[in-house]
*Asks:* 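Handing you this structure, nothing more for now.
This one's a predicted model, so the numbers in the text were calculated from it and none came from an experiment.
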Amino acid sequence: MLGEMIAPLAERFHVLAPDLLGWGGTDKVVFLDRPPYLPRVAHLAAFCAELGVSRAHFVGASFGGSVVLRAVADPAQPWPVSKAISISGTGGPYRLPEGVAALADYTPSLEDAEKMTGLTVRSTAGMDAHVRARYENSLIPGHWEAMTAPRLSNPSVTRTPAADPFLDNLAAVTTPLLLIEGRDDVLLESGWARKLADLSPAITALEVDGAHEPNIESPVETAQIVIDYLTKDPA
């Protein structure tokens, strides 16, 4: 949800802002036999191939940021990445259980939309339009179902999670990667960005004032951080 960041970014870059599978205008597709990141990584790889994108910077927030990390860490290098930025997306680790549970407890209503928004920003004051847009998105046929279905679990089957090489793969990245962490984020462990940045010299961690999505509550300031990072010369 880069939203209001797009306009200032578009002054410096050609911005492409695709919806991830299950969101917005995409097909409400659910894959229950694989981690949630893999289909989105493949979807955006196909998106870039279709548009002839041979090199680009990639920026994502929250789940979108996690998708960016997963793509950058993939040894197969599915995306044509020059630099990448994740805003409050960890790739999976360091999520607080109570935050996961709170985000899952959503039934389409303006009240619940405001509660969910309140988990991502420090204050919902003045955000009526954003809250209503979140609510209306959840009424799109299949949207709520697509977001909810991955949490289903067969009560008759015990599954052992497959080994996940994500952190080892992230330690091997050479693509310049910026991780932006909000100091008041109630959904992620404090210091997660520094922990991931310690894995590789290609990764930089930055703490900013804000909660889980500074791109929503401070879009102009966050856009400037993105611009500064993407336009600076490599160290």
*Asks:* Rounded to the nearest 0.5 Å, how far apart are NE2 of H143 and OG1 of T148?
*Replies:*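 One finds 8.5 Å between NE2 of H143 and OG1 of T148.
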*Asks:* What pairs of residues pass the salt bridge (Lys or Arg N to Asp or Glu O under 4.0 Å) test when at least one of them lies in residues 41-52, not counting sequence neighbours?
*Replies:*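 Residue pairs with at least one partner in residues 41-52: there are none.
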*Asks:* Output side-chain donor-acceptor pairs under 3.5 Å for residues 9-16, partner residues at least two apart or in another chain, one line each.
*Replies:*
none

*Asks:* Who passes side-chain contact (heavy atoms from CB on, under 4.5 Å) against E111, sequence neighbours left out?
*Replies:*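 Once residues adjacent in sequence are excluded, the partners of E111 under the side-chain contact (heavy atoms from CB on, under 4.5 Å) criterion are S109, K115.
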*Asks:* Would you name the heavy atoms of L69 and L196 that are closest together and state the gap between them?
*Replies:*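 So the minimum-distance heavy-atom pair works out to CD1-CD1, 4.1 Å.
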*Asks:* Applying the 4.5 Å side-chain criterion to the ILVMFWY set and letting contacts propagate, would W23 and V29 be lumped into a single cluster?
*Replies:*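 No, W23 does not connect to V29 through the hydrophobic network.
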*Asks:* Are F166 and L38 in one and the same hydrophobic cluster, where Ile, Leu, Val, Met, Phe, Trp and Tyr link if side-chain heavy atoms are under 4.5 Å apart?
*Replies:*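 No, because F166 and L38 fall into different hydrophobic clusters, even though each may have its own neighbours under 4.5 Å.
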*Asks:* Heavy atoms, side chains only, cut-off 4.5 Å: are R134 and T120 in contact?
*Replies:*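 They are in side-chain contact.
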*Asks:* Calculate, to the nearest 0.5 Å, the distance between atoms CZ and OG belonging to R122 and S218 respectively.
*Replies:*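 If we round to the nearest 0.5 Å, R122:CZ and S218:OG are 5.5 Å apart.
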*Asks:* Quick check: is V220 connected to M5 through a chain of hydrophobic side chains (ILVMFWY, heavy atoms under 4.5 Å apart)?
*Replies:*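 Each belongs to a different hydrophobic cluster.
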*Asks:* My understanding is that only residues two or more places apart in sequence, or in another chain, count here; which of them pass side chain to side chain donor-acceptor pair (under 3.5 Å) with S138?
*Replies:*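 Checked S138 against side chain to side chain donor-acceptor pair (under 3.5 Å); matches are Y106.
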*Asks:* Check the orientation of F58 and W79. Use parallel for under 30°, tilted for 30 to 60°, and perpendicular for over 60°.
*Replies:*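 The arrangement is parallel - the two ring planes meet at less than 30°.
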*Asks:* Roughly how far apart are D112 CG and Y135 OH, rounded to 0.5 Å?
*Replies:*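 It comes to 10.5 Å.
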*Asks:* Distance-only check: which donor-acceptor pairs under 3.5 Å involve side-chain atoms of residues 87-104, not counting sequence neighbours?
*Replies:*
residue : atom : partner : partner atom : Å
S88     : OG   : H212    : O            : 2.4
T90     : OG1  : G92     : N            : 3.1
T90     : OG1  : P93     : O            : 2.5

*Asks:* Tell me the salt bridge (Lys or Arg N to Asp or Glu O under 4.0 Å) pairs involving residues 152-171, sequence neighbours left out?
*Replies:*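 Salt bridge (Lys or Arg N to Asp or Glu O under 4.0 Å) check on residues 152-171 returns R70-D164.
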*Asks:* Keeping to residues at least two apart or across chains, list the ring pair (Phe, Tyr, Trp, His ring centres under 6.0 Å) pairs with something in residues 25-51.
*Replies:*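 Qualifying pairs, neighbours excluded: Y37-F63.
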*Asks:* Honestly curious: do L20 and V72 fall in one hydrophobic cluster under the side-chain, below-4.5 Å linking rule?
*Replies:*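 Cluster IDs for L20 and V72 match.
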*Asks:* List in chain and number order the residues that pass side chain to side chain donor-acceptor pair (under 3.5 Å) with Q224, two or more places apart in sequence or in another chain; answer none if no residue qualifies.
*Replies:*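 By the side chain to side chain donor-acceptor pair (under 3.5 Å) rule, Q224 matches D228.
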*Asks:* Give me the atom names and distance for the closest heavy-atom approach of L21 to P39.
*Replies:*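 Reported closest heavy-atom pair: CD1-O, 3.9 Å.
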*Asks:* Compare all side-chain heavy atoms of H130 with those of E4 and state whether any distance is below 4.5 angstrom.
*Replies:*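 When only atoms from C-beta onward are counted, E4 and H130 do not touch, as no gap falls below 4.5 Å.
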*Asks:* Nearest heavy-atom pair of A149 and L32: which atoms, and what distance?
*Replies:*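 Taking every non-hydrogen atom into account, O-CD2, 3.8 Å.
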*Asks:* Do you know the tightest heavy-atom contact between L44 and P18?
*Replies:*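 L44 and P18 have their closest heavy atoms at CD2-CG, 3.6 Å.
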*Asks:* Restricting to non-hydrogen atoms, name the atom on P78 and the atom on A45 that form the minimum distance, rounded to 0.1 Å.
*Replies:*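 Nearest pair, atom of P78 first, then A45: O-CB, 3.5 Å.
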*Asks:* Restricting to pairs with a member in residues 14-38, which pass salt bridge (Lys or Arg N to Asp or Glu O under 4.0 Å), not counting sequence neighbours?
*Replies:*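 Counting only pairs at least two positions apart or across chains, no salt bridge (Lys or Arg N to Asp or Glu O under 4.0 Å) contact touches residues 14-38.
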*Asks:* Do P36 and P150 come within less than 4.5 Å of each other through their side chains, counting heavy atoms only?
*Replies:*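 No, their side chains stay 4.5 Å or more apart.
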*Asks:* Taking only distance into account, with no hydrogens and no angle test, what donor-acceptor pairs under 3.5 Å do side-chain atoms of residues 169-181 form with protein atoms, sequence neighbours excluded?
*Replies:*
residue : atom : partner : partner atom : Å
E181    : OE1  : A193    : N            : 3.2
E181    : OE2  : G191    : N            : 2.8

*Asks:* State, with a plain yes or no, whether a side-chain heavy atom of L230 is found less than 4.5 Å away from one of I85.
*Replies:*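 Yes, at least one pair of side-chain atoms sits under 4.5 Å.
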*Asks:* Would you find a donor on one side and an acceptor on the other, under 3.5 Å apart, between the side chain of T117 and the backbone of V131?
*Replies:*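 Checked: no pair found.
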*Asks:* Considering non-hydrogen atoms only, spot the tightest contact between P219 and I216 and give its length.
*Replies:*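 P219 and I216 have their closest heavy atoms at CD-O, 3.5 Å.
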*Asks:* Going only through I, L, V, M, F, W and Y residues with side-chain contacts under 4.5 Å, is there a path from I140 to M147?
*Replies:*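 In one cluster: no.
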*Asks:* What verdict does the side chain to side chain contact (heavy atoms under 4.5 Å, CB included) test give for D184 and E217, after you've listed the backbone C-alpha separation in whole Å, the side-chain angles of each residue and the deciding distance to 0.1 Å?
*Replies:* CA-CA 12 Å; D184 300 310; E217 57 181 319; over 6 Å; no
*Asks:* Please identify each residue that fulfils side chain to side chain donor-acceptor pair (under 3.5 Å) with D105, with sequence neighbours left out.
*Replies:*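 If we apply the side chain to side chain donor-acceptor pair (under 3.5 Å) test to D105, skipping adjacent residues, there are no hits.
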*Asks:* Please list all pairs meeting salt bridge (Lys or Arg N to Asp or Glu O under 4.0 Å) that have one or both residues in residues 187-212, counting only residues at least two apart or in different chains.
*Replies:*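 Only R183-E207, R183-D209, E189-K195, R194-D198 qualify under salt bridge (Lys or Arg N to Asp or Glu O under 4.0 Å).
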*Asks:* What do you reckon, is CD of E136 surrounded by more than 12 foreign heavy atoms closer than 6.0 Å?
*Replies:*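 Counting other residues, nucleotides and ligands, CD of E136 exceeds 12 neighbours.
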